Student: 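Below are the structure tokens for one structure; questions will follow.
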Amino acid sequence: MKDKIRSLNMDQIITRFPPSPTGYLHLGGARTALFNWLYARSKNGRFVLRIEDTDLARSTKESVDAIFKALDWLGIDWDDGPFYQSERLDIYKEYIKKLLDSEDAYYCTCSPEKIKTMREAAKASGQTPRYDGTCRDKGLKNSEKAVVRFRSDSFGTTVVEDVIKGSILFQNSEIDDFIIQKSDGMPMYNFAVVVDDITMGINTVLRGDDHVSNTPKQIALYKALGCMLPVYGHVPMVFGKDRTRLSKRHGAMSVTAYRDMGYMPEALINYLVRLGWSHGDDEFFLKDDLIKKFNIKNIGKSPSIFDPEKLLSLNAEHIQAASIERTSACLKPFLEERHTDEIDSSYLSAIAGTLNKRSKTLLEMADGALFYLENDIDYDKKAAEKFLKPIVYDCLNLLIDELKQIASYTQKNQEQAFKKVMDITGLKFGKIAQPVRVALTGKSVSPGIFELIEVLGRERVLKRLKNAVLYIDEKR
RNA sequence: GGUCCCAUCGUCUAGUGGUUUAGGACGCUGGCCUCUCACGCCGGUAACACGGGUUCGAAUCCCGUUGGGAUCACCA
């Protein structure tokens, strides 16, 4: 396979997301994916997905699948790929040869142990650890354990023109002759990235801050290969509450964990994009807004801290803002886990309609929806003791009679029914509502009485009220 | 330790030399609404890290200090 080296073409923005499949997709990765995707979409460009699986020991098929699943759930789609670096080995070989031929690279047979001691000595004396160039001018041929090193300039400077951070200056003397091909023949990260980005026509590289120090090496490679540089933008990182890299001890990190905890993908997208990017005082965004409004210039320079509380409140906002159809669809899998029967979709929508303003997550919503679906509800012990007492016995019976007579359970009709019961018993609405609530839901907290009755419908309402009457009867 | 980056309420941020008694959101909090819980509405709390400059004027520009972070692999 022959890839032509394309000169950098900015007619169409081409971005990429290159995860290494060594685990699930975490929040930070999702955010860089999102920025690249958003930028490509907003510029009518292309977004490519590349799986960086040259680390044979750590890459797994499961991780690849997990990454696909997470991206799919977030709604981040790609135009090209997925490309697998493990399937592009001959391309890297070709570029290695080019570099070897032009003497920009050379074989090195120094043992890893030797390099290690070299590095430790340098660190101990406060110097940047660097390869000392033992094999640099030996003109070694390829051999069993040889690696290929890039011949770095030891003088001069390299400037990274970063669209987020501005110009960053590096002394070339800081950069040593780094390895571009391992002794097992696999390419090293910095080299593979450059070859891939060149051959895939990537012209815009948006990536985490932690890559800035790799950039001068990559630039050197571009230059040696005679290729034009992409536009670089290094996005500040996201930290945990203790201001260190987001990791397991900060709680859930994987994208799919948030799905399982009942978050809407809309909410996660919204939260992630606002971490580091802003559009004036706007807080709430849907994907289509973002595609219209996203720009690189509004990405901030300073790192941010992941705040689960804000994500949660944003999730509540998105649950409220979503259409009932959307919310129901998202809710359904959570209910199916708890309730095996087939759920009627219009009933489900009605249920969601009573819960979407009082649920911060879909999980919470599913829990709150359970009483609608159970055939026999269990009474919360405290609630039953407090509200299902003999004193409301007549009241509930009266209500049953009234509700029996009503043609349809509109709010207006219900109000009239309750009015009658109130008039006869002399009880205020507040005194009647709680017992009825417990009778209908088993709990002392629920959606409003009228919406409850309307959604549950005649059959369930009457049955549950009668059961409550029976319950009181048995107790006395 | 070397190199590099960053610095506005606890957190996310607006702000690009004067319109700012520094605005919004989350959180926390007082109240209203009310059939419970929520939603909603009204209000409060809280920040320009510090020190020098530049300027008529600085959160905004420059320098230094301090603090935080990233990175220094035959990982990506």
Side-chain angles (χ1 to χ4, degrees), chain A residues 18-22 52-55 57-59 85 108 110-112 115-116 119 122-130 145-149 160 162 165-166 168-171 173-176 178-190 192-193 208-216 234 236-237 239 241 243-245 271 274-284 298 300-314 316-317 320 355-360 368 383 387 418 428-438 441 443-450 452:
Chain A
S20 60
T22 53
E52 308 215 324
D53 56 352
T54 52
D55 185 344
R58 295 197 304 153
S59 300
Q85 289 187 325
C108 165
C110 294
S111 70
I115 305 293
K116 203 180 167 195
R119 194 162 38 235
K123 249 185 162 172
S125 68
Q127 294 300 301
T128 301
R130 54 197 333 277
K145 290 214 174 103
V147 299
V148 179
R149 285 185 186 273
V160 178
D162 191 297
K165 294 177 176 294
I168 307 169
L169 185 79
F170 290 90
Q171 295 299 325
S173 55
E174 292 293 325
I175 301 160
D176 71 346
F178 56 95
I179 296 173
I180 56 179
Q181 187 183 74
K182 308 179 208 173
S183 56
D184 66 0
M186 294 298 266
M188 277 292 277
Y189 167 74
N190 283 124
V193 164
D209 224 354
D210 48 338
H211 284 287
V212 281
S213 54
N214 285 323
T215 312
H234 289 94
M237 307 192 62
F239 296 120
K241 219 175 173 65
R243 290 174 188 277
T244 64
R245 235 197 162 95
Y271 179 71
R274 277 285 292 119
L275 220 49
W277 176 83
S278 62
H279 187 268
D281 281 336
D282 298 349
E283 297 279 350
F284 185 90
N298 285 346
K301 288 178 167 191
S302 45
S304 41
I305 293 168
F306 175 70
D307 180 8
E309 295 269 13
K310 185 129 184 180
L311 207 208
L312 186 64
S313 88
L314 214 39
E317 249 186 277
Q320 277 195 53
L355 259 20
N356 67 160
K357 281 190 168 47
R358 47 195 107 226
S359 311
K360 285 184 189 288
F387 297 111
F418 273 89
K428 290 221 166 120
F429 185 76
K431 288 286 172 196
I432 305 176
Q434 275 311 77
V436 171
R437 170 170 288 114
V438 177
T441 70
K443 299 179 289 188
S444 55
V445 173
S446 83
I449 292 294
F450 297 134
L452 222 42

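Residue numbers start from 1 in every chain, and the chains themselves are labelled A, B, ... in the order their sequence lines are given, proteins ahead of strands. From a predicted model like this one, the values you see are computed outputs, not experimental measurements.
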Student: Suppose you measure atom C1' in B:A14 against the same atom in B:G24; what distance do you get, rounded to whole Å?
Tutor: 7 Å
Student: Under a 3.5 Å cut-off for both distances, is B:C4 Watson-Crick or wobble paired, and to whom?
Tutor: B:G69
Student: Using the test side chain to side chain donor-acceptor pair (under 3.5 Å), find all partners of A:Ser59 that sit at least two apart in sequence or belong to another chain.
Tutor: none
Student: Distance check, rounded to the nearest 0.5 Å: A:Ile179 atom CD1 versus A:Asn190 atom CG?
Tutor: 11.5 Å
Student: Starting at atom CG of A:Asn298, determine the distance to atom P of B:A14, rounded to an integer number of angstrom.
Tutor: 8 Å
Student: A:Thr54 side chain N/O closer than 4.0 Å to the phosphate oxygens (OP1, OP2) of B:A76?
Tutor: yes
Student: Rounded to the nearest Å, what distance is computed from the NZ atom of residue A:Lys241 to the P atom of nucleotide B:G10?
Tutor: 12 Å
Student: Taking N or O atoms only and anything under 3.5 Å, show me the protein contacts with nucleotides 3-5 of chain B, one pair per line.
Tutor:
{"residue": "B:C5", "atom": "O2'", "partner": "A:Lys165", "partner atom": "NZ", "Å": "2.7"}

Student: Given atom CG of A:Asp210 and atom P of B:C75, what is their separation to the nearest angstrom?
Tutor: 18 Å
Student: Any protein N or O atoms within reach of nucleotides 32-36 of chain B? Criterion: under 3.5 Å, listing atom names and distances.
Tutor:
{"residue": "B:C35", "atom": "O2", "partner": "A:Arg437", "partner atom": "NH2", "Å": "2.7"}
{"residue": "B:C35", "atom": "N3", "partner": "A:Ile449", "partner atom": "N", "Å": "3.2"}
{"residue": "B:U36", "atom": "O4'", "partner": "A:Gln434", "partner atom": "OE1", "Å": "3.3"}
{"residue": "B:U36", "atom": "O2'", "partner": "A:Ser444", "partner atom": "O", "Å": "3.2"}
{"residue": "B:U36", "atom": "N1", "partner": "A:Arg437", "partner atom": "NH1", "Å": "3.3"}
{"residue": "B:U36", "atom": "O2", "partner": "A:Ser446", "partner atom": "N", "Å": "2.8"}
{"residue": "B:U36", "atom": "O2", "partner": "A:Ser446", "partner atom": "O", "Å": "3.1"}
{"residue": "B:U36", "atom": "N3", "partner": "A:Arg437", "partner atom": "NH2", "Å": "3.0"}
{"residue": "B:U36", "atom": "N3", "partner": "A:Ser446", "partner atom": "O", "Å": "2.5"}
{"residue": "B:U36", "atom": "O4", "partner": "A:Arg437", "partner atom": "NH2", "Å": "3.4"}
{"residue": "B:U36", "atom": "O4", "partner": "A:Gly448", "partner atom": "N", "Å": "3.1"}

Student: So what does A:Cys110 touch, heavy atoms closer than 4.0 Å: a base, only the sugar-phosphate, or nothing?
Tutor: base
Student: Not counting sequence neighbours, which residues clear side chain to side chain contact (heavy atoms under 4.5 Å, CB included) with A:Thr54? List them please.
Tutor: A:Gln85, A:Met186, A:Pro187
Student: For nucleotides 58-69 of chain B, just jot down a letter per nucleotide in 5' to 3' order: B, S or -, based on protein non-hydrogen atoms under 4.0 Å.
Tutor: -----------S
Student: Expressed as a whole number of Å, how far does the C1' atom of B:G23 sit from that of B:A59?
Tutor: 13 Å
Student: A:Phe284: what forms a ring pair (Phe, Tyr, Trp, His ring centres under 6.0 Å) with it, not counting sequence neighbours?
Tutor: A:His318
Student: Need to verify one output field. Residue with the more 5' nearest nucleotide on RNA chain B, A:Ala146 or A:Ser359?
Tutor: A:Ser359
Student: I'd like the P distance from B:C39 over to B:U71, given in whole Å.
Tutor: 40 Å
Student: Give one of base, sugar-phosphate or nothing for A:His211, where a contact means two heavy atoms less than 4.0 Å apart.
Tutor: base
Student: Distance check, C1' atoms only: B:C48 and B:C4, in whole angstrom units.
Tutor: 25 Å
Student: Give the rounded distance in Å between these two atoms: CG of A:Asp162 and P of B:A70.
Tutor: 18 Å
Student: If I take atom CD1 from residue A:Ile168 and atom NE2 from residue A:His234, how far apart are they, to the nearest 0.5 angstrom?
Tutor: 7.0 Å
Student: Atom CZ of A:Arg149 to atom P of B:A73: distance rounded to whole Å?
Tutor: 11 Å
Student: Can you check the distance between B:G18 and B:U55, where both ends of the measurement are the C1' atom (answer in whole Å)?
Tutor: 12 Å
Student: Applying side chain to side chain contact (heavy atoms under 4.5 Å, CB included), can you list everything that pairs with A:Ser278, at least two apart in sequence or on another chain?
Tutor: A:Arg274
Student: Using the P atom as the point on both nucleotides, what is the distance between B:U45 and B:C35, in whole Å?
Tutor: 32 Å
Student: Respond yes when some side-chain nitrogen or oxygen of A:Ser20 is under 4.0 Å from OP1 or OP2 of B:C75, and no when none is.
Tutor: no
Student: Does B:U60 have a Watson-Crick or wobble partner in any strand here, with both distances under 3.5 angstrom, and which is it?
Tutor: none
Student: What residues, two or more places apart in sequence or in another chain, satisfy side chain to side chain contact (heavy atoms under 4.5 Å, CB included) together with A:Ser313?
Tutor: none
Student: Provide the distance between the two P atoms, one in B:U13 and one in B:U8, to the nearest whole Å.
Tutor: 9 Å
Student: Taking 4.0 Å as the cut-off, does a side-chain nitrogen or oxygen of A:Arg119 come that near to OP1 or OP2 on B:C74?
Tutor: yes
Student: Measuring from atom CD1 of A:Ile449 to atom CZ of A:Arg437, what distance do you get when rounded to the nearest 0.5 angstrom?
Tutor: 4.0 Å
Student: If we only count heavy atoms from C-beta on, is the A:Ser446 to A:Leu452 side-chain gap below 4.5 Å?
Tutor: yes
Student: In Å, rounded to the nearest 0.5 Å, how long is the span from CE of A:Met188 to NZ of A:Lys182?
Tutor: 6.5 Å
Student: With the criterion being N/O to N/O and under 3.5 Å, what pairs connect the protein with nucleotides 23-30 of chain B, and how long is each?
Tutor:
{"residue": "B:G23", "atom": "N2", "partner": "A:Asp281", "partner atom": "OD1", "Å": "2.4"}
{"residue": "B:G24", "atom": "N2", "partner": "A:Glu283", "partner atom": "OE2", "Å": "2.6"}
{"residue": "B:A25", "atom": "O4'", "partner": "A:Glu283", "partner atom": "OE2", "Å": "3.3"}
{"residue": "B:A25", "atom": "O2'", "partner": "A:Lys310", "partner atom": "NZ", "Å": "3.4"}
{"residue": "B:A25", "atom": "N3", "partner": "A:Lys310", "partner atom": "NZ", "Å": "2.7"}

Student: Quick one: ring pair (Phe, Tyr, Trp, His ring centres under 6.0 Å) partners of A:Tyr271, sequence neighbours excluded?
Tutor: A:Phe306
Student: Going by a 90° cut-off around 0, is B:C39 syn or anti?
Tutor: syn
Student: I'd like to know if A:Ser183 reaches the base of B:C74 with its side chain, counting only an N/O donor and acceptor under 3.5 Å.
Tutor: yes
Student: Which part of the nucleic acid does A:Gly208 contact within heavy-atom distance under 4.0 Å: base, sugar-phosphate only, or nothing?
Tutor: nothing
Student: Check the distance between B:A73's P and A:Asn190's CG and give it to me in whole angstrom.
Tutor: 11 Å
Student: Could you tell me the Watson-Crick or G-U partner of B:G43, where both distances fall under 3.5 Å? Say none if there is no partner.
Tutor: B:U29
Student: Starting at atom CD1 of A:Ile305, determine the distance to atom P of B:A7, rounded to an integer number of angstrom.
Tutor: 14 Å
Student: Distance check, rounded to the nearest 0.5 Å: A:Glu317 atom CD versus A:Leu312 atom CG?
Tutor: 11.5 Å
Student: OP1 or OP2 of B:C37 versus the side-chain N and O atoms of A:Lys357: is any pair under 4.0 Å?
Tutor: no
Student: Send over the distance from A:Asp53 CG to B:C75 P, rounded to a whole Å.
Tutor: 14 Å
Student: Sequence neighbours left out, what passes side chain to side chain contact (heavy atoms under 4.5 Å, CB included) with A:Asp176? Give chain and number order.
Tutor: A:Arg130, A:Tyr131, A:Phe178
Student: Could you work out, with salt bridge (Lys or Arg N to Asp or Glu O under 4.0 Å) as the rule, every residue matching A:Lys443, not counting sequence neighbours?
Tutor: none
Student: Can you tell me, in whole Å, how much space there is between the C1' of B:A22 and that of B:U29?
Tutor: 22 Å
Student: Given B:C12, B:C74, B:C39, which nucleotide is nearest the side-chain atoms of A:Gln320?
Tutor: B:C39
Student: Specify whether A:Phe450 and A:Phe418 have parallel, tilted or perpendicular ring planes, treating 30° as the upper limit for parallel and 60° as the lower limit for perpendicular.
Tutor: perpendicular
